[in-house]
2 protein chains.
Amino acid sequence: MHATIIQEFKKHIQLTVEEEALITASFRYKKVRRNQVLVQPPDIALYEHFVISGCLVEYYLDDNGTQHTLSFAPQGWWMTDLRSFLMKQESRYFVETVEDSELLIVTREQYDELLRKIPLLNNYFRILYQNAIIGQEERLLNVLSTKVDERYLRFLKKYPQLENRLPQYLIASYLGVTPEFFSRVKSKISR
Amino acid sequence: MHATIIQEFKKHIQLTVEEEALITASFRYKKVRRNQVLVQPPDIALYEHFVISGCLVEYYLDDNGTQHTLSFAPQGWWMTDLRSFLMKQESRYFVETVEDSELLIVTREQYDELLRKIPLLNNYFRILYQNAIIGQEERLLNVLSTKVDERYLRFLKKYPQLENRLPQYLIASYLGVTPEFFSRVKSKISR
DNA sequence: GCATTTTCTTAAACTAGATCAATTTTCTTT
DNA sequence: AAAGAAAATTGATCTAGTTTAAGAAAATGC
């Protein structure tokens with residue numbers, strides 16, 4: 001059950017058997033069915049979620065009720081409202097399951113304790129966050145510099161697995177356009 | 001000269017005198033006048049830059065020759081083409097001075113060695129990158145969910161010092177609009 | 001201090017994408 | 001399998017932001 005997350009850590013750092021046991025003991029397994037809210041603003045995000053299977057989405061709900069998708073977390077990804085989780089401030093972003101999902105979750109206290117007991121984890125998370133920054137820069141740039149049709153094609157290339165698992169309005173929201181306009185873009189592209 | 005960067009590290013971690021000396025020895029002081037290119041695609045980004053004074057900008061130049069600003073780095077900030085610096089791949093973003101600037105720079109080898117010799121630095125950089133992610137999420141959200149006038153007002157609030165130090169076309173590029181349109185927005189707001 | 005380049009402004013025509021509204025298709029639930 | 005709800009399509013109209021162009025203002029170099 002915890003094998004995937006141990007594998008994930010081992011991508012970047014080495015772990016002793018004791019450390020693996022400690023990690024296993026700290027992460028709680030949680031099975032959640034689709035469309036469940038995991039973080040609901042303004043509640044404080046209590047957990048960092050690691051996705052074993054399924055998919056999560058993080059989005060902002062603006063004053064008009066429009067949903068703006070920040071990111072998706074398929075298998076092997078982490079997700080939470082990071083600012084809320086780390087600083088124990090009110091969350092601003094929803095986190096939800098878009099499919100039945102299996103998660104490993106950890107509280108802030110457990111997270112701190114793990115970093116204290118296994119200092120190498122700082123190394124793992126440093127690298128994880130570095131990569132997240134690089135990915136985010138690219139995403140921002142896409143929004144700033146390209147039209148929707150181009151953005152959609154890049155999305156398809158980057159997440160070929162996700163295309164058929166996500167409702168279309170969520171992809172539209174991720175690309176930063178209305179479902180109506182996205183529908184037109186798709187039909188134009190397919191012709 | 002290296003006092004600022006030591007102070008910066010000490011915001012998040014403790015350092016011994018020896019460690020401070022090691023850091024001082026690893027970062028090279030560099031004075032650069034304005035409008036100098038520090039990273040030029042597709043050259044590999046050789047340094048991570050810490051800004052003592054002045055200001056840097058990171059931007060992407062698209063195929064039409066349009067400049068898309070990803071971020072600014074005033075005093076106390078770090079900047080480089082992170083992907084290029086870390087993975088030794090071809091850079092994609094320009095890094096330039098927008099003012100005469102004083103920098104402390106470190107090569108990839110020195111950076112790795114520092115992290116090896118002072119493991120706590122992993123902790124510092126983990127926190128630094130966490131905060132960068134939180135900031136970037138916010139920026140992405142602004143672009144996705146608000147109109148330019150609103151974005152501009154938020155920019156003013158967030159970087160009151162920068163407003164008068166940057167040419168207007170750079171701010172426009174940061175906000176994701178043309179200089180022409182930005183000029184209109186400004187005059188509309190001031191009335 | 002004058003000339004040249006760069007930046008900023010204003011205006012008119014244009015386009016990517018939004019909004020509103022109605023219809024069809026697909027997914028859920030029983 | 002039927003009914004209801006949610007998601008996707010299509011069309012008409014509207015708007016935020018672009019493009020092109022030309023002139024005015026600032027900044028820079030000599």
Side-chain angles (χ1 to χ4, degrees), chain A residues 33-37 55 57 59-69 72 96-100 140 142-156 162-191, chain B residues 33-37 54-55 57 59 61-69 94 96-100 141-156 162-191:
Chain A
R33 66 167 202 281
R34 65 188 301 240
N35 294 327
Q36 298 303 298
V37 176
C55 185
V57 62
Y59 66 88
Y60 175 73
L61 202 61
D62 73 16
D63 301 339
N64 311 317
T66 309
Q67 189 172 335
H68 300 278
T69 298
F72 299 111
E96 288 187 17
T97 49
V98 291
E99 299 177 326
D100 295 349
L140 176 64
N142 277 339
V143 175
L144 289 179
S145 71
T146 66
K147 307 260 149 81
V148 187
D149 45 1
E150 174 66 21
R151 249 140 67 203
Y152 175 50
L153 294 174
R154 290 189 194 180
F155 169 82
L156 287 182
L162 283 185
E163 157 73 351
N164 302 308
R165 289 159 56 187
L166 301 172
Q168 212 166 290
Y169 71 87
L170 261 191
I171 299 177
S173 150
Y174 177 84
L175 297 175
V177 289
T178 58
E180 293 92 336
F181 188 66
F182 180 54
S183 169
R184 280 178 238 262
V185 169
K186 275 193 74 169
S187 82
K188 195 180 133 202
I189 284 178
S190 71
R191 268 183 284 105
Chain B
R33 65 168 202 281
R34 67 188 300 242
N35 293 329
Q36 298 302 299
V37 175
C55 185
V57 62
Y59 65 87
L61 203 61
D62 73 17
D63 301 339
N64 311 318
T66 309
Q67 190 172 333
H68 301 278
T69 298
F94 282 84
E96 288 188 18
T97 50
V98 291
E99 298 177 327
D100 295 350
L141 198 63
N142 277 339
V143 176
L144 289 180
S145 71
T146 66
K147 308 258 148 82
V148 186
D149 45 2
E150 173 67 21
R151 248 137 71 200
Y152 175 50
L153 294 175
R154 290 190 194 179
F155 168 83
L156 287 181
L162 284 184
E163 157 73 351
N164 303 308
R165 288 158 58 187
L166 300 173
Q168 213 165 289
Y169 69 87
L170 260 192
I171 299 178
S173 150
Y174 177 85
L175 297 176
V177 289
T178 58
E180 292 90 341
F181 188 66
F182 180 55
S183 170
R184 293 237 199 102
V185 170
K186 273 193 77 168
S187 81
K188 194 180 136 205
I189 284 177
S190 71
R191 267 182 284 105

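- Rounded to whole angstrom, the span from the CG atom of B/Asn35 across to the P atom of D/dT28 amounts to 8 Å.
- If you take CZ of B/Arg184 and P of D/dA16, they are 12 Å apart, rounded to a whole angstrom.
- Contact annotation for A/Tyr169: backbone-only contact, meaning every heavy-atom pair under 4.0 Å involves sugar-phosphate atoms and none involves a base.
- Nearest nucleotide to the side chain of A/Gln168, out of D/dT9, C/dT10, D/dT10: D/dT9.
- Nearest nucleotide to the A/Glu180 side chain, out of C/dG17, D/dA8, D/dT9: D/dT9.
- Taken to the nearest 0.5 Å, the CZ atom of A/Phe72 stands 5.0 Å off from the CG atom of A/Leu166.
- The separation between B/Lys186 atom NZ and D/dG17 atom C1' is 18 Å, rounded to whole Å.
- When each of B/Lys147 and A/Phe182 is assigned the nucleotide of DNA chain D bearing its nearest heavy atom, the one mapping closer to the 5' terminus is A/Phe182.
- We find that CD of B/Gln67 is positioned 18 Å from C1' of D/dT18, with the value rounded to whole Å.
- The nearest whole Å value for the distance from the CG atom in A/Leu144 to the P atom in D/dT18 is 11 Å.
- Among the protein residues, B/Val148 comes within range of the sugar-phosphate backbone only, with heavy atoms under 4.0 Å from sugar or phosphate atoms but none that close to a base.
- Residue whose closest nucleotide on DNA chain D sits further toward the 5' end, between B/Asn64 and A/Phe181: A/Phe181.
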Test side chain to side chain contact (heavy atoms under 4.5 Å, CB included) applied to B/Leu170 and B/Val98, step by step: CA-CA 10 Å; B/Leu170 260 192; B/Val98 291; 3.5 Å; yes
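- A perpendicular orientation is assigned to the rings of A/Tyr152 and A/Phe182, their planes being inclined by more than 60° (bins at 30° and 60°).
- Contact of the B/Phe155 side chain with the B/Glu163 side chain is registered, since non-hydrogen atoms from C-beta on lie closer than 4.5 Å.
- The side chain of B/Arg34 lies closest to D/dT28, out of C/dA11, D/dT28, C/dT9.
- For the OP1/OP2 pair of D/dG17 and a distance below 4.0 Å, the side-chain nitrogens and oxygens of B/Thr178 include no atom meeting the criterion.
- We find that CG of A/Asp149 is positioned 7 Å from P of C/dG17, with the value rounded to whole Å.
- With rounding to whole Å, B/Arg151 atom CZ is found 10 Å from D/dA16 atom C1'.
- Here D/dA26 presents its C1' atom at 16 Å from CG of B/Leu170, a figure rounded to the nearest Å.
- Side-chain contact, B/Tyr59 with B/Glu96: a donor N or O sits under 3.5 Å from an acceptor N or O.
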